[in-house]
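These numbers were taken from a predicted model, which means no experiment stands behind them. In what follows, chains carry the letters A, B, and so on, assigned in the order in which the sequence lines appear, proteins first and then strands, with residues in each chain numbered from 1.
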Amino acid sequence: MEIKKTGVAGTMESSDIIVRIEPKNTEGVELTLESAVMQQYGRQIEKVIRETLEGLGVTSAYVNAVDKGALDCTVAARTLAAAYRAAESKDYVWNGGSIR
Amino acid sequence: MSRLRRSMLFVPGNNPGMIRDAHIYGSDSIMFDLEDSVAITEKDAARFLVYKALTTLRYGKKELVVRINDLSSGLGVADLEAIVRARPDVIRLPKTDSAKDVIECEREIERIEREAGIPVGTTGMMAAIESANGVLNAKEIAFSSKRLIGIALGAEDYVTDLKTTRSPEGIELMFARGMIVNAAKAAGIMALDTVYSDVNNEEGFIAEATMIRKMGFDGKSVINPRQIAPLHKVFTPSEKDLMKAHAIMDAIAEANARGSGVASLKGKMIDKPVVARAQYLLEMAERAKTITVEEV
């Protein structure tokens, strides 16, 4: 997936995260993260963002995330929304499945 | 007996905090909303959020419902593509005007179930009726699909269509409620009432809940967790009702033991409908008790 423009998703509300994805001229995903729970969950949030982008085939992007205590599923959802917006794509892929 | 649907809690689909906490309030069903509570610019984000929540979080045995956007909005099919694959129990179709709306939605659900390898027919549906035309078509809507677990009244759009407004007494909804509850019961599915928007008027809320239970509705949508406990109280049989129901069942058992086809209680004959009502009441109480125990 090619990042074509700036894509943002999420809010500053508690339990949410804002993810901003921008185009980058060189390979690699450069991630900056701010979180109120950086010490405890910083690495996990970064892992979820990177894995989500990897799943979409995003190999080049600047990513800035401001976390307000989001669960992993919210981090993934906001990253997906920001990436699709940044790629100007609506070719969503839903993998399905449920752990219930 | 089918599950209890006394309360269906609306949860805005783009609110991660409410999605996370939705199961703690004790409603019988949780309804994630992709329609009116989500801004048009955030439809994609809400879809991702609800999809991820449904496929990741555990909500115990709660019934999970997702209200999609109607198919004519251009958003409904995109909602279904995501949500059917996330395997909720029920998809709520808003703004249902005719059987055709249900059938079209069902066709899309079935296509996605096949594509995703989901057993066809396992995704339930409910249809919300929100227009004068929809109310007049309540019967054909209620009979339109085997997937339907119930039909619901959406009052805000309905009163707008009638060119009136909502009142605390709900006189403007009497015809719609009557049509919907009759159509649902004729089709053997549930009738679910609209939200009561004035969350600070608990007295009014209880009065409305009492009235719709009396009319035959099975439950009601709620927009605030505060409304769940009083609603369940209205829809849970009282001790007095239960004692009477037990007495009826005992009298029937005794008559059967005597080989008599006629039973009476305190001088009143007990006929078949009386027994059916007593049985239903006891089943409802049993279900409510089971749910309470599960939650503890």
Side-chain angles (χ1 to χ4, degrees), chain A residues 1 4-21 35-37 41 44-45 47-49 51-53 55-56 58 65-100, chain B residues 11-24 30 32 34 38-39 41-64 66 74-75 77-89 109 112-119 122-123:
Chain A
M1 176 182 274
K4 295 177 180 166
K5 61 167 197 174
T6 301
V8 186
T11 71
M12 293 291 276
E13 282 181 36
S14 174
S15 307
D16 207 342
I17 181 171
I18 290 191
V19 178
R20 173 186 293 270
I21 301 179
S35 173
V37 288
Y41 299 110
Q44 175 62 15
I45 297 167
K47 183 171 170 266
V48 173
I49 294 173
E51 282 178 0
T52 306
L53 292 174
L56 293 172
V58 175
V66 181
D67 170 60
K68 298 290 173 187
L71 296 178
D72 284 1
C73 63
T74 304
V75 176
R78 296 313 195 194
T79 306
L80 284 166
Y84 273 96
R85 288 173 178 182
E88 295 180 307
S89 168
K90 288 185 177 173
D91 297 329
Y92 307 120
V93 178
W94 306 101
N95 294 321
S98 166
I99 57 165
R100 284 200 300 128
Chain B
V11 176
N14 202 34
N15 187 319
M18 289 185 74
I19 288 174
R20 184 196 59 199
D21 296 341
H23 66 292
I24 68 177
I30 300 170
F32 301 102
L34 298 178
V38 178
T41 52
E42 296 300 319
K43 295 289 187 186
D44 55 339
R47 212 178 278 139
F48 279 119
L49 201 55
V50 172
Y51 173 85
K52 278 288 174 190
L54 285 172
T55 53
T56 312
L57 302 180
R58 291 174 188 271
Y59 290 97
K61 290 182 178 170
K62 296 258 177 251
E63 182 177 54
L64 302 179
V66 180
L75 297 161
V77 175
D79 290 342
L80 288 173
E81 290 286 357
I83 299 306
V84 172
R85 288 176 167 84
R87 308 292 307 272
D89 298 299
I109 292 173
I112 297 163
E113 283 176 340
R114 285 186 198 286
E115 285 174 12
I118 297 166
T122 50
T123 312

Test item: Arg85(A) and Asp44(B) side chains (from C-beta on) under 4.5 Å apart, heavy atoms:
yes
Are the side chains of Leu71(A) and Pro16(B) in contact, using a 4.5 Å heavy-atom criterion?
no
With sequence neighbours left out, what residues match Thr52(A) under side-chain hydrogen bond (donor to acceptor under 3.5 Å, both in side chains)?
none
Residues two or more places apart in sequence or in another chain: which of them pass side-chain hydrogen bond (donor to acceptor under 3.5 Å, both in side chains) with Arg20(B)?
Ser15(A)
Angle between ring planes, Tyr92(A) versus Phe48(B), binned at 30° and 60°: parallel, tilted or perpendicular?
perpendicular
Between Ala45(B), Gly17(B), Gly117(B), which has the largest tally of heavy atom pairs under 4.5 Å with chain A?
Ala45(B)
Which portion of Ala82(B) sits near chain A, non-hydrogen atoms under 4.5 angstrom
both
Non-hydrogen atoms of chain A under 4.5 Å away: do they reach the side chain of Asp21(B), the backbone, both or neither?
neither
Can you tell me how far the CG atom of Leu80(B) sits from the CH2 atom of Trp94(A), to the nearest 0.5 Å?
12.0 Å
Can you measure from CG (Asn14(B)) to CD (Glu13(A)) and round to the nearest 0.5 angstrom?
9.0 Å
Within a 6.0 Å radius of atom OH on Tyr41(A), are there more than 12 heavy atoms belonging to other residues, nucleotides or ligands?
no
Please identify which of these residues, Leu57(B), Leu49(B), Thr56(B), meets the side-chain contact (heavy atoms from CB on, under 4.5 Å) condition with Thr74(A).
Leu49(B)
Between Leu80(A) and Lys52(B), is the side-chain contact (heavy atoms from CB on, under 4.5 Å) condition met? List the steps.
CA-CA 10 Å; Leu80(A) 284 166; Lys52(B) 278 288 174 190; 3.7 Å; yes
